[in-house]
Every structure is written in structure tokens, then in C-alpha cells.
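Read through the structure below, which is laid out as C-alpha cells, and then see the notes.
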Amino acid sequence: MKESTCFAFDVGGTKIAGAVFNASGQIVCRETLLIDHRQGTEVVALIGQLIDQFTTFINNRSWVLQGVGVAIPGIVYRQNRTVWAPNINGWEQFPLEENLRSYLPAQVPIIIDNDRACYILGEMWQGAAQGCSHAIYLGVGTGIGAGILIDNVVLRGQNDIAGAIGWMALTDQYLPQYGEHGCFEHHASGSGIARMAIQAFAQSGRPTEAISTASVFEMYQQQDPIAQQILDQAIKFWGMAVANLVSLFNPEKIIFGGGVFGPGLDFLEEIYQQATGWAQPISIKQVKLVKSSLAEEAGLYGAGYLVKDLADQS
């Protein structure tokens, strides 16, 4: 019997990661391509380039393609089979599945889901959420999102928007910028940390040209007072968000991933202590804050799981 396999793609705002999974759920081939300002069908063509490459890989081994899973950074509109990805120009009500079909045989299923769902599904399948029925993946990178698993089911909401917690309100002073990306994301995402630091450095008369999220963490370790102020504020926001998630969902674990965690993993104990003051007191004692086991591959594993889950149901 020929071995079955699947392709998985994690589409981000700046790059596309792709992988081939074997029948045992292991990645046996992996590639990344930069989007580099491409838009619309140009981004689809990049995925198609990887599909062609992976097809050659499995054909040389006489493997059978079981399906293709795709994680996208936005919303999947299942009723009209389109997607919205705000960081990719031209992907508003975009028929991604229809555009991908020309690169694949008609009988090969294409399953598309939002990246928040894929992150927690990947961790549930082969990561830090294995064995959990209630877990949350808190992804903090350029933006902030949460994949929420409740009773072994991913919480999606009316229109696939559940988990967009960058818009969580964590202060009583509203700023106009919150309308674009949310209060939580404005202050405590990777881009938010850099933004807050640039503002603070400019106000103090210090140069801002070299400021980035990574440099803020480096300066924090060097006890720079502005960097300490910015990250102390981020820790407060992360702790408040954890408290809200714990009080709402009573999870077994909150799994931290994304580019900020990373260096932000050093603050998990401080985040927990901050959350303790705000959260439901019984629930906060039951939850564990842990790092992602899959790191930057969580979305790929989740996209691979989409195919596995479909095969298991058939």
C-alpha cells in the first residue's frame, strides 16, 4: 500500500511556510518563501510553487496526496468559501480555495482555516496541548490572537472571528489607534512594543532609528530604564489578558507562542503573578502557563491536522 501524505501551508503577513507530512504526522520536507509585497493571486502563485515542489517530492517516493491544509492570518467565510487577510493586499472576500484548485487534482481536498485555530490544533495534535480538552494558544507577534479550545472543540464565533483578542479592552482610556488594531495589540504585541519604545525614546530625546522589538528586549537585559518601563507595561497587559481568559474559559493551559515568546518566555512567572491579582481565584490556581512546543511550526502542524481530521471523519 502506498503511503499517504499531506501538504500544509501557514500563510503569514510576510512569508509562507510549507511542509510535507508523512503518514506518521512528521514533517519530512519544509520550505519558506517570502511574500515580498506580492498581493492577490501573486501570493497564490507562491503557494502553487510550493505545491509543485512538494508534488515532485512525493511522486519520487510514490506517496499519495491525501489533502492540503492552509492556515491564513484572518477570517474564513465558509458560506461563500472566501477569506479575508488584512495583511495581504487583495485578500478581501478572496476565493482562495478556488484559486488553489488549479494547482491540485480535483479529488484532493483543500481545507482552509484561520491561523488562530491552526495554532491550537497543532498544539493539541503534537504540542503542549496534548491531552488537554480546554487550552488556549496565545500568539503574540506582529499582532495578537488566541486559539481557544473548549471541550475539545475550537471556539469560532458567528463569523470565524472568535479569538481576535488584540481588541481586548485593558485600559479605561480610549485612544483612536485602538480602532485599527485594538488596545491589547497596540500596547503589547511585537509591533506595539516597538511603537511604545519609539514614542518614549523620542520624548526623552534619545535616537529612535535602531529601535525594534528585539532591541527593546536586549536593552531591558541591560537595565535600560525606558526598555524596562515598556516591557513592565507589556507584562501588565499580558497578565490582565491571561486573567480575563482564565476567568472566562477556565483552561488547563495557556500556551505562549509567536515571535515575542521568544524572549518573552522569561516573563511567564511575572505574567502569572500579574494575572493572579485579577483572575477568578480558583481558576487561576488550576491553569498552567507554558511555552509552545512547536514554536514557529505550530501553524503548519495545525494545517496538517486539518487534513488528518478530515480523513479520520471519512
Side-chain angles (χ1 to χ4, degrees), residues 10-15 35 37 39 43 71-77 83-94 113-120 136-148 155-203 208 211-217 229-245 248 254 256-264 267 271 296 298-299:
D10 183 10
V11 181
T14 59
K15 64 181 184 297
I35 292 177
H37 305 295
Q39 55 187 320
V43 180
I72 64 108
I75 300 170
V76 178
Y77 295 109
V83 305
W84 172 75
N87 293 323
I88 301 176
N89 289 331
W91 278 27
E92 301 88 18
Q93 295 289 341
F94 182 72
D113 212 334
N114 70 68
D115 54 2
R116 303 180 303 280
C118 286
Y119 294 150
I120 189 61
I136 296 171
Y137 182 99
L138 181 55
V140 182
T142 303
I144 298 179
I148 303 168
L155 188 66
R156 299 185 179 279
Q158 179 182 199
N159 285 303
D160 198 45
I161 307 177
I165 65 166
W167 275 265
M168 190 177 281
L170 299 175
T171 178
D172 60 358
Q173 180 182 2
Y174 181 82
L175 300 177
Q177 300 95 311
Y178 295 169
E180 179 182 353
H181 43 237
C183 169
F184 185 21
E185 189 167 307
H186 181 79
H187 292 281
S189 64
S191 57
I193 289 168
R195 183 188 305 113
M196 294 293 103
I198 289 170
Q199 291 176 4
F201 273 64
Q203 289 170 2
T208 62
I211 297 299
S212 66
T213 309
S215 69
V216 175
F217 279 98
Q229 173 191 339
I230 298 302
L231 287 181
D232 285 347
Q233 182 186 51
I235 290 167
K236 178 180 178 180
F237 277 100
W238 294 329
M240 293 171 70
V242 165
N244 290 337
L245 293 170
L248 282 168
I254 295 181
F256 286 77
V260 171
F261 290 94
F267 301 130
I271 293 168
E296 73 277 1

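Side-chain contact check for Val83 versus Asn114: every heavy-atom pair is 4.5 Å or farther apart. Between Val11 and Trp91, some side-chain heavy-atom pair lies under the 4.5 Å cut-off.
Pairing each heavy atom of Ala194 with each of Ser212, the nearest pair is CB-C, 4.1 Å. In this structure, Cys118 and Gly299 approach most closely via the heavy-atom pair CB-O, 4.0 Å.
A donor-acceptor distance shorter than 3.5 angstrom exists from the side chain of Asp160 to the backbone of Val76, with no hydrogens or angles considered. Checking side-chain atoms of Glu185 against main-chain N and O of Ile144 turns up a donor-acceptor pair under 3.5 Å. Judged by distance alone, the side chain of Ser191 and the main-chain N or O of Thr142 form a donor-acceptor pair under 3.5 Å.
Rounded to the nearest 0.5 angstrom, Ile88 CD1 and Ile35 CD1 are separated by 4.5 Å. One distance of note links CD1 of Ile75 with CZ of Arg116; it measures 7.0 Å at 0.5 Å rounding. Expressed to the nearest 0.5 Å, how far NZ of Lys15 lies from CD of Glu296 amounts to 8.0 Å. To the nearest 0.5 Å, the span separating CD1 on Ile193 from CD1 on Ile211 amounts to 12.5 Å.
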Query raised in the report: When you look at Phe267 and Phe256, which way does the side chain to side chain contact (heavy atoms under 4.5 Å, CB included) test go after all the steps?
Result: CA-CA 11 Å; Phe267 301 130; Phe256 286 77; over 6 Å; no
Query raised in the report: Between Ile271 and Phe261, is a side chain to side chain contact (heavy atoms under 4.5 Å, CB included) present by the stated rule, with each step listed?
Result: CA-CA 12 Å; Ile271 293 168; Phe261 290 94; 3.9 Å; yes
**Report entry** Evaluation steps, side chain to side chain contact (heavy atoms under 4.5 Å, CB included), between Ile148 and Ile136
**Finding:** CA-CA 5 Å; Ile148 303 168; Ile136 296 171; 4.1 Å; yes
Donor-acceptor contacts under 3.5 Å from residues 230-241 side chains, at least two apart:
residue: Trp238; atom: NE1; partner: Ala188; partner atom: O; Å: 3.0

Identify every side-chain donor-acceptor pair in residues 162-179 under 3.5 Å, counting partners at least two apart or on other chains, and give the distances.
residue: Thr171; atom: OG1; partner: Gln173; partner atom: N; Å: 3.4
residue: Tyr174; atom: OH; partner: Gly179; partner atom: N; Å: 3.4
residue: Tyr178; atom: OH; partner: His187; partner atom: NE2; Å: 2.7

